[in-house]
Amino acid sequence: MKVRIVLSVLALMAGAFLTGCGQPVPQNKVALVVRTLGERSVSNVTASCQIYWAERMPFGTGMSPGTRVFKFPLGLQDYSFCSKQSYESPQDDAIQIDCLGGHLTFDVNVQLYIERETPDLSGKLLQLINDHQLQSYDGEDDMLTRWAMEKLQQFVRQPLAQYALNKQAIDVMRGKAEMNRILLAAMNERFNKYAVHFSSAAIV
């Protein structure tokens, strides 16, 4: 009888250790854990995913070849693409667009956040990873910043380039307020489906 009790206690302790001693996920981040059921590609239709927030992930999460962990920051994020050096733009990353008679260069700042209360947040973040080919970001401590550094600039440039098409430089310069509105609307139209929301866009 005593042996059974000791074994039961040890089993309970082992279970608590395995479930309670995983990597912590703080309140200012979410962790998307993707299990690919033996496949290495997170785009596999059989992949399952789960969000962890303000808790510990199960012990050993991410150690299996069939499991990927993607971490996203919560709260308002600020990214700048400018001629001067910044964290997101270690080089000259100002946005250059063509207009009639030449081209113009702008510094652009955007602010965005992930809406944690979005229904099926895990599915939407997985869709972002697949649609934008972010599978190699597995284990990255801040998915959004790396994504912004490598991929966001092209999406910022597109609506601005479209606006300046067939316009004189002086008309483009006078239209910064309208460009801000167009850019903000375009970014939200493209990324809201991934639970990524842009709160401001500013052209300098």
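Because the structure is predicted, anything quoted here is derived from the model rather than measured.
- Side-chain N or O atoms of Asp107 include none that pairs as donor or acceptor with a backbone N or O of Ala94 at under 3.5 Å.
- Linking ILVMFWY residues whenever their side-chain heavy atoms come closer than 4.5 Å, directly or via other members, places Ile182 and Met173 in the same cluster.
- Separating the NZ atom in Lys193 from the OG1 atom in Thr118 is a distance of 14.5 Å, to the nearest 0.5 Å.
- In this structure the side chain of Asp138 reaches within 4.5 angstrom of the side chain of Phe70, judged on heavy atoms.
- Rounded to the nearest 0.5 Å, atoms CD (Gln127) and CG (Asp131) are 4.5 Å apart.
- Under a 3.5 Å cut-off, the side chain of Lys124 and the backbone N or O of Pro119 do form a donor-acceptor pair.
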Check against side-chain contact (heavy atoms from CB on, under 4.5 Å), Arg35 and Gln50 | CA-CA 9 Å; Arg35 294 178 176 84; Gln50 183 174 354; 4.1 Å; yes

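- The minimum heavy-atom distance between Cys49 and Gly123, with the atom names listed, is SG-N, 4.3 Å.
- The NZ atom of Lys176 sits 14.5 Å away from atom CZ of Arg181, with the distance rounded to the nearest 0.5 Å.
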Check step by step if side-chain contact (heavy atoms from CB on, under 4.5 Å) holds for Phe72 and Thr145.
-> CA-CA 9 Å; Phe72 297 84; Thr145 295; over 6 Å; no

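- Between Trp53 and Gln27 the shortest heavy-atom distance is NE1-O, 2.8 Å.
- No side-chain heavy atom of Leu165 sits less than 4.5 Å from a side-chain heavy atom of Ile97.
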Go through the steps to decide whether Val69 and Val34 satisfy the test side-chain contact (heavy atoms from CB on, under 4.5 Å), and finish with yes or no.
-> CA-CA 6 Å; Val69 179; Val34 181; over 6 Å; no

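- What you find for Glu55 and Ile51 is that their closest heavy atoms are OE2-O, 4.3 Å.
- Residues Tyr194 and His132 are in side-chain contact: their nearest non-hydrogen atoms beyond the backbone lie under 4.5 Å apart.
- Remark: Gln168 CD to Leu100 CG distance equals 5.0 Å, nearest 0.5 Å.
- Checking side-chain atoms of Trp147 against main-chain N and O of Leu134 turns up no donor-acceptor pair under 3.5 Å.
- When all heavy atoms of His197 and Asn192 are compared, the pair lying nearest together is ND1-ND2, 3.4 Å.
- The distance between the ring centers of Phe155 and Phe191 falls below 6.0 angstrom.
- If you take OH on Tyr79 and CD on Gln153, they are separated by 15.0 Å, rounding to the nearest 0.5 Å.
- Val30 is not listed as a side-chain neighbour of Val25, based on a closest heavy-atom distance of 4.5 Å or more.
- Residues Ile129 and Gln135 form a side-chain contact, since some pair of their non-hydrogen atoms from C-beta on lies under 4.5 Å apart.
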Report the C-alpha separation of Tyr52 and Val33 in whole Å, then their side-chain angles, then the decisive distance to 0.1 Å, and conclude whether the side-chain contact (heavy atoms from CB on, under 4.5 Å) test is met.
-> CA-CA 8 Å; Tyr52 290 89; Val33 177; 3.6 Å; yes

Ring pair (Phe, Tyr, Trp, His ring centres under 6.0 Å) between Tyr113 and Phe198, worked out | CA-CA 7 Å; Tyr113 63 95; Phe198 286 74; 9.2 Å; no

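- Atom CD of Gln96 sits in a crowded spot, with more than 12 heavy atoms from other residues, nucleotides or ligands closer than 6.0 Å.
- Proximity of Ile114 to Leu121: side-chain heavy atoms (C-beta onward) are separated by under 4.5 Å at one or more points.
- A heavy-atom distance below 4.5 Å is not found between the side chains of Ile95 and Thr105.
- Side-chain contact between Leu112 and Leu152 is present, with heavy atoms from C-beta onward closer than 4.5 Å.
- Listed by first then second residue, pairs satisfying salt bridge (Lys or Arg N to Asp or Glu O under 4.0 Å) with a partner in residues 141-165 read Lys29-Asp141, Lys71-Asp141, Glu140-Arg146, Arg146-Glu150, not counting sequence neighbours.
- Environment of CD in Gln154: crowded, with over 12 heavy atoms of neighbouring residues, nucleotides or ligands closer than 6.0 Å.
- The distance from the OG atom of Ser199 to the CG atom of Leu76 is 4.5 Å, given to the nearest 0.5 Å.
- The closest donor-acceptor contact from the side chain of Asp78 to the backbone of Asn109 lies at 3.5 Å or more, if one exists at all.
- For the residue pair Gly175 and Tyr163, the shortest heavy atom distance occurs at CA-OH, 3.6 Å.
- Within 6.0 Å of the CD atom in Glu115, the count of heavy atoms belonging to other residues, nucleotides or ligands exceeds 12.
- Pairing each heavy atom of Ile203 with each of Asn180, the nearest pair is N-OD1, 2.9 Å.
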